[in-house]
Amino acid sequence: MSVFFPTSLMARLAALIFFLLLLLGGFRLWLSAHDAALLKGYVLLSEKTAAEAKAAELERQRNAATLALEDYRKRAAADALAQQALEAQLEEAIRNDNQKMDDGDYRWSDADRLWLCRQRGAADCGR
């Protein structure tokens, strides 16, 4: 029995130190494995959170772009209506100006209208 349990004070002290070192080494080994598992979970959680934040930001940008496009389309439609009204007003002014002539000669010829159309930058000046 004395083989397994040291009997002298020095042997007991050495066995106690050895046992404590063994216990400390085992604890550190367990702690490193435990920390690695925890860190792996934290990394996965942080990656998931970052991906969710990125998806939310992309959704916000998509919604903002949709609203901007809708606003642009409304403004373009309003501009087109204003341009049509302006062109109708100009045509009416040309027609009235030509009708006021007493001698029957027109002040505005088709070449004048074509020139005016090109000056305004219209795409379809051939009508």
Roughly how far, to the nearest 0.5 Å, is CG of Leu86 from CG of Leu81?
12.5 Å
Taking side chain as C-beta onward, heavy atoms only, is Leu90 less than 4.5 Å from Glu87?
no
Using 4.0 Å as the upper bound for N to carboxylate O, is an ion pair formed by Arg60 and Glu57?
yes
Gap between atom CG of Leu67 and atom CZ of Arg62 - 0.5 Å precision
10.0 Å
Tell me whether Asp71 is salt-bridged to Arg75, with the criterion being a basic N under 4.0 Å from an acidic carboxylate O.
yes
Mind checking the CG-OH spacing from Asp79 to Tyr72? Nearest 0.5 Å is all I need.
8.5 Å
With rounding to the nearest 0.5 angstrom, report the CG to CG distance, Leu9 to Leu16.
10.5 Å
Would Arg73 and Glu70 pass as an ion pair if we require N to O under 4.0 Å?
no
Using the rule that two of Ile, Leu, Val, Met, Phe, Trp, Tyr join whenever any of their side-chain heavy atoms come within less than 4.5 Å, decide whether Leu29 and Leu20 are in one cluster.
no
Kindly check if the number of other-residue, nucleotide or ligand heavy atoms within 6.0 Å of CD (Gln61) is above 12?
yes
Working to the nearest 0.5 angstrom, can you tell me the gap between Leu58 CG and Asn63 CG?
11.0 Å
